[in-house]
Amino acid sequence: MHVAEYADGNGAAMSSSSVKRFQRLLRIREAQENEGAVVLGQRLADLHKAEQQRDLLEEYQSHYFHSNLPNDARILKQIALLQQQLRGALQQQEARVVAVSAQMEKARSAWLELHQASLSLEKLIERRQKVESRLDVRKQQFEQDLWVTRQAFQKSVDDSA
C-alpha cells in the first residue's frame with residue numbers, strides 16, 4: 001500500500017473491510033464444515049450399525065454351526081436351509097458394510113476438504129491482520145512525520161515573521 005493511500009484515509013479502510021469479508025467467508029466455511037461433520041457423524045453411525053448387524057448374523061451363524069445336530073432328517077434339512085439363508089444374509093450385509101464404508105469415506109473426505117479450506121482461510125486472515133498492523137504502524141509514523149514537518153514549517157514561518 002502506498003503512502004498516498006494513507007493521505008486520503010482510504011488505505012486502512014480498504015484493508016479492514018477485506019479482513020471483515022474474509023471473516024464473513026470464514027463463518028460460512030465453518031458452518032459448511034459443521035454440516036459436513038454432522039454428515040460424517042451420521043455415516044459413522046450407519047457404518048457402526050451395519051457392522052453390528054453383520055456381527056450378529058455371524059454370531060447367529062456360528063451358533064447354528066456349532067450346535068448339536070439332531071438325528072431327524074427333516075430338522076437337519078431345515079437347519080441346512082437356515083444356514084444357507086444366513087450365508088446369503090451375511091453376504092448381503094457384508095456388501096452393505098462395504099457400501100456404507102465407502103459413503104463414510106466420501107463424507108470424511110468432504111469434511112477434510114472443508115476443514116482444510118477453513119484452516120487456510122484462518123491463516124489468510126491472520127496474515128492479512130499482520131499486514132494491516134504493519135500498515136497501521138507505517139500510517140501512524142507517516143502522520144507523525146507529517147505533523148513534525150508541519151510544526152517545523154510553522155515554526156520557521158513564525159520565526160521569519
Side-chain angles (χ1 to χ4, degrees), residues 1-63 85-161:
M1 195 160 288
H2 300 302
V3 174
E5 291 175 343
Y6 288 127
D8 67 2
N10 289 333
M14 287 191 308
S15 59
S16 178
S17 65
S18 69
V19 168
K20 288 179 183 176
R21 282 192 309 267
F22 287 139
Q23 288 171 333
R24 281 192 299 270
L25 183 58
L26 178 60
R27 284 191 296 274
I28 292 169
R29 292 282 181 155
E30 287 173 339
Q32 292 170 338
E33 181 183 342
N34 289 339
E35 290 172 9
V38 168
V39 170
L40 177 57
Q42 290 169 341
R43 296 298 175 260
L44 283 169
D46 291 347
L47 178 60
H48 182 67
K49 183 178 176 183
E51 288 173 337
Q52 281 183 323
Q53 290 172 346
R54 179 198 56 203
D55 293 346
L56 283 173
L57 284 171
E58 286 175 347
E59 185 179 316
Y60 197 54
Q61 184 183 37
S62 175
H63 173 72
Q85 290 172 340
L86 277 172
R87 277 192 297 277
L90 263 170
Q91 288 173 347
Q92 288 176 346
Q93 191 60 32
E94 188 60 40
R96 173 144 172 71
V97 167
V98 169
V100 170
S101 181
Q103 291 173 350
M104 186 275 305
E105 284 301 323
K106 193 174 184 179
R108 183 190 316 262
S109 177
W111 176 81
L112 278 173
E113 187 176 310
L114 291 167
H115 182 65
Q116 282 302 112
S118 292
L119 290 176
S120 296
L121 196 51
E122 285 175 357
K123 288 178 183 177
L124 177 65
I125 289 170
E126 288 174 15
R127 285 193 308 265
R128 187 67 192 167
Q129 287 172 332
K130 286 178 185 177
V131 166
E132 283 185 20
S133 177
R134 286 193 303 267
L135 291 174
D136 285 344
V137 168
R138 287 181 189 167
K139 179 181 177 184
Q140 288 174 357
Q141 183 63 43
F142 174 75
E143 288 172 353
Q144 288 174 355
D145 292 347
L146 191 58
W147 184 81
V148 168
T149 304
R150 283 183 188 157
Q151 293 299 319
F153 179 74
Q154 188 65 36
K155 185 176 183 206
S156 68
V157 168
D158 290 344
D159 287 347
S160 65

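On a predicted model such as this, the values are computed, not experimentally measured, just so you know. Atoms considered below: every heavy atom in the structure, side chains included; atoms not considered: hydrogens, waters and symmetry mates.
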Quiz prompt | Asp46/Lys49 ion pair, N-O < 4.0 Å | solution = no
[X] [atom1] to [Y] [atom2] distance, which is reported to the nearest 0.5 Å:
X	Y	atom1	atom2	result
Leu90	Leu56	CG	CG	10.5 Å
Gln129	Ile125	CD	CD1	7.0 Å
Arg134	Asp136	CZ	CG	11.5 Å
Arg27	Leu121	CZ	CG	11.0 Å
Gln154	Arg150	CD	CZ	11.0 Å
Gln23	Glu122	CD	CD	10.5 Å

Practice problem: Report yes if some heavy atom in the side chain of Asp55 is under 4.5 Å from a heavy atom in the side chain of Glu59; otherwise report no. | Solution: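 Asp55 does not reach Glu59 side chain to side chain.
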Practice problem: Would you check if Glu30 and Leu26 make a side-chain contact, meaning some heavy-atom pair closer than 4.5 Å? | Solution: yes
Quiz item: If you draw a 6.0 Å radius around CD in Gln151, do more than 12 non-hydrogen atoms from other residues or ligands fall strictly inside?
Solution: yes
Which donor-acceptor pairs under 3.5 Å do side chains of residues 105-119 form with protein atoms, sequence neighbours excluded?
unit_1: His115; atom_1: ND1; unit_2: Glu33; atom_2: OE2; d: 2.6
unit_1: Ser118; atom_1: OG; unit_2: Glu33; atom_2: OE1; d: 2.9
unit_1: Ser118; atom_1: OG; unit_2: Leu114; atom_2: O; d: 3.3

Quiz item: Which heavy atom of Leu86 sits nearest a heavy atom of Gln61, and at what distance?
Solution: CD1-CA, 3.7 Å
Quiz prompt | Heavy-atom pair with the smallest gap, counting every atom of Leu40 and Met104 | solution =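 Residues Leu40 and Met104, closest heavy atoms: CD1-O, 3.8 Å.
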Exercise. Mind running side chain to side chain contact (heavy atoms under 4.5 Å, CB included) on Glu132 and Ser18 for me, showing each step along the way?
Key: CA-CA 10 Å; Glu132 283 185 20; Ser18 69; 4.0 Å; yes
N/O donor-acceptor pairs under 3.5 Å from side chains in residues 91-100, not counting sequence neighbours:
unit_1: Gln93; atom_1: NE2; unit_2: Ala50; atom_2: O; d: 3.0
unit_1: Gln93; atom_1: NE2; unit_2: Gln53; atom_2: OE1; d: 3.2
unit_1: Glu94; atom_1: OE1; unit_2: Arg54; atom_2: NH1; d: 3.3

Exercise. Identify, with sequence neighbours excluded, every residue that meets side-chain hydrogen bond (donor to acceptor under 3.5 Å, both in side chains) alongside Gln52.
Key: His48
